[in-house]
Number of protein chains: 2
Amino acid sequence: MATTTDSDRRGWTQNPDAVKQDILTVAVSEFAANGLSGTRVDTIASRTRTSKRMIYYYFGDKLGLYTSALEAAYLKVREGEASLDLDHLPPREGLARLVAFTFDHHRRNPDFIRMVMIENIHNAEHLSASQVIRDMNVAAIEKLSSICGRGQEQGVFRDGIDPLRLHWQISAFSFFNVSNRPTFSAIFGTELFEEQTQSEMRQQIVDAILAMVSQPIAAS
Amino acid sequence: MATTTDSDRRGWTQNPDAVKQDILTVAVSEFAANGLSGTRVDTIASRTRTSKRMIYYYFGDKLGLYTSALEAAYLKVREGEASLDLDHLPPREGLARLVAFTFDHHRRNPDFIRMVMIENIHNAEHLSASQVIRDMNVAAIEKLSSICGRGQEQGVFRDGIDPLRLHWQISAFSFFNVSNRPTFSAIFGTELFEEQTQSEMRQQIVDAILAMVSQPIAAS
DNA sequence: AAACAAATGTTCCAGTCAGTACATTTCTCT
DNA sequence: AGAGAAATGTACTGACTGGAACATTTGTTT
């Protein structure tokens with residue numbers, strides 16, 4: 001009964017969800033690697049256990065697939081963030097933990113970063129169409145807001161911190177570190193991206209962010 | 001003698017350099033807008049005062065044109081930076097000026113930013129091939145090195161500052177601010193990018209960078 | 001002025017690729 | 001069991017697009 005010569009084609013079993021997931025996984029990887037117009041539907045299909053036919057069956061057209069891939073990439077990353085529970089930590093440590101985590105998490109998810117880069121090249125027009133993604137992100141900021149609130153209550157953070165700006169700053173470092181690594185290495189060499197250096201930079205960034213939210217030292 | 005009906009075609013005057021420049025300007029704009037594979041050579045040609053024929057004549061193929069466009073984009077931006085003379089300022093002010101300038105300069109040159117984003121998507125493989133670009137950038141860091149050196153001599157900066165890391169940090173803020181604006185606005189709205197807010201953020205970044213290079217306050 | 005080189009105009013093609021047509025198989029419901 | 005729906009296989013096409021072929025004009029040099 002297991003005499004399938006080469007591919008398990010005859011008398012196959014259907015599994016629509018697995019097929020969709022298979023396509024999506026490959027799609028994220030391909031779109032992240034080659035961009036929207038650089039990606040070939042045929043290439044995606046060939047890396048799949050299914051066929052081009054099914055891509056069009058489930059996702060309509062290339063853009064539909066791209067949009068779904070974008071959502072899948074966001075979903076995966078935001079899920080990873082959800083595991084982080086900071087409410088039991090004092091504000092400064094919580095924030096430090098969050099920044100360090102974000103830095104590492106971005107490094108671990110280069111495909112996500114690349115999808116966002118590509119979306120930015122396209123002026124976020126596909127992302128704008130996705131309510132799902134907006135919701136996820138707004139939720140992501142609430143974690144930060146909560147820390148800020150507690151920090152201000154306890155007087156360890158200065159007043160007037162805007163969680164959105166803080167998020168922007170944390171993202172700037174963490175994102176740029178991955179997104180611009182190729183050009184940066186090409187120009188200045190790879191030292192900045194060696195494990196040891198990255199680790200130091202992460203600490204530097206944590207410190208910088210903490211300094212920004214701290215009560216200002218009396219000006220000199 | 002000026003009876004050209006519609007286009008000045010008959011008895012035209014040659015001007016190779018102008019033609020090349022014309023093509024390059026359009027090419028930067030198109031590649032920045034659409035990426036490498038998203039850009040159509042025919043579209044570039046149509047926006048030019050010349051023809052597709054000349055693109056291939058001068059630049060060989062699409063990749064050759066892209067590489068030249070990339071160099072042109074870098075050249076233009078680095079030229080803009082060259083106008084900045086900071087040697088007559090005390091280190092802290094010089095650095096503050098440099099950071100603020102970089103922030104603004106990136107905002108003024110979105111096409112350059114987009115070209116770099118695109119290069120990063122392509123893992124900087126075309127940039128790596130261009131010695132010209134490497135040279136320009138290494139030169140750009142020397143300005144920063146000089147400020148750091150003076151600051152450390154005078155004791156207003158802490159020891160062990162790495163100009164490259166500093167450059168990385170300044171770039172991270174300034175670059176991200178432009179590169180990720182579309183997705184950021186799409187998700188969180190446009191408040192961060194209004195003139196007033198941008199101005200405040202620039203100041204915040206200047207302060208953050210200055211804090212990073214300053215003599216550490218005795219730890220609490 | 002003639003001969004050669006540089007620059008440009010016009011037209012077409014061959015490969016690529018998103019998307020479709022048509023046929024078949026598996027699943028579900030009664 | 002059988003009928004309708006869902007899922008999948010196979011082969012094809014029409015438009016797009018990078019690039020080339022071929023012809024002509026302008027500039028330069030002696």
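A, B, ... follow the sequence lines: proteins, then strands. Residue 1 opens every chain.
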Query raised in the report: Applying side-chain hydrogen bond (donor to acceptor under 3.5 Å, both in side chains), which residue pairs with at least one partner in residues 185-194 of chain A are found, sequence neighbours left out?
Result: none

Report task. Starting at atom CG of B:D17, determine the distance to atom P of D:dG27, rounded to an integer number of angstrom. Result -> 14 Å

Query raised in the report: For residues 126-137 of chain A, which residue pairs qualify under side-chain hydrogen bond (donor to acceptor under 3.5 Å, both in side chains), counting only residues two or more places apart or in two chains?
Result: A:E71-A:S130, A:R78-A:N137, A:E119-A:H126, A:Q131-A:R134, A:Q131-A:D135

Query raised in the report: For A:K62 and D:dC16, what is the distance between atoms NZ and P respectively, to the nearest whole Å?
Result: 15 Å

Query raised in the report: Please give, in whole Å, the distance from D:dT25 C1' to B:M54 CE?
Result: 12 Å

Query raised in the report: Taking the inter-plane angle between the rings of A:W168 and B:F173 on a 0 to 90° scale, is it parallel (under 30°), tilted (30 to 60°) or perpendicular (over 60°)?
Result: parallel

Report summary line: So CZ of B:R165 and CD1 of A:I205: to nearest 0.5 Å the spacing works out to 10.0 Å

Report task. Could you tell me whether the phosphate oxygens of D:dT8, OP1 or OP2, come under 4.0 Å of any side-chain nitrogen or oxygen in A:Y58? Result -> yes

Query raised in the report: Are the side chains of B:N177 and B:Q198 in touch, meaning some heavy atoms are under 4.5 Å apart?
Result: yes

Query - Gap between atoms CZ and C1', on A:R53 and C:dT25 respectively (whole Å) - result: 13 Å

Query - Distance in Å, A:I121 CD1 paired with B:I118 CD1, rounded so as to fall on 0.5 Å steps - result: 4.0 Å

Requested in this report: Return no unless some side-chain N or O of A:Y57 is found under 4.0 Å from OP1 or OP2 of C:dT20.
Outcome: no

Query raised in the report: Could you state the OH-P distance from A:Y56 to C:dC22, rounded to the nearest angstrom?
Result: 18 Å

Report task. Mind running a 4.0 Å heavy-atom check of residues 34-42 of chain A against DNA chain C and sending the residues that fall below it, in number order? Result -> A:T39, A:R40, A:V41, A:D42

Query raised in the report: Can you tell me if the side-chain N/O atoms of A:S51 get under 4.0 Å from OP1 or OP2 in D:dT8?
Result: no

**Report entry** For atom NZ of B:K52 and atom P of D:dT17, their distance in whole Å
**Finding:** 10 Å

Requested in this report: Please state how far atom CZ in B:F59 lies from atom P in D:dG18, giving the value in whole angstrom units.
Outcome: 16 Å

Requested in this report: Find the distance B:D22:CG to C:dT8:C1' and express it as a whole number of Å.
Outcome: 14 Å

Query raised in the report: What residues, two or more places apart in sequence or in another chain, satisfy side-chain hydrogen bond (donor to acceptor under 3.5 Å, both in side chains) together with A:T183?
Result: B:N120

Query raised in the report: At how many degrees, to 10°, do the end axes of the helix from C:dA1-D:dT30 to C:dT30-D:dA1 meet when each uses five pairs?
Result: 20°

Query raised in the report: Above 12 or not: heavy atoms from other molecules or residues under 6.0 Å from CZ of A:R97?
Result: no

Query raised in the report: Residues in side-chain hydrogen bond (donor to acceptor under 3.5 Å, both in side chains) with B:S29, at least two apart?
Result: B:R47

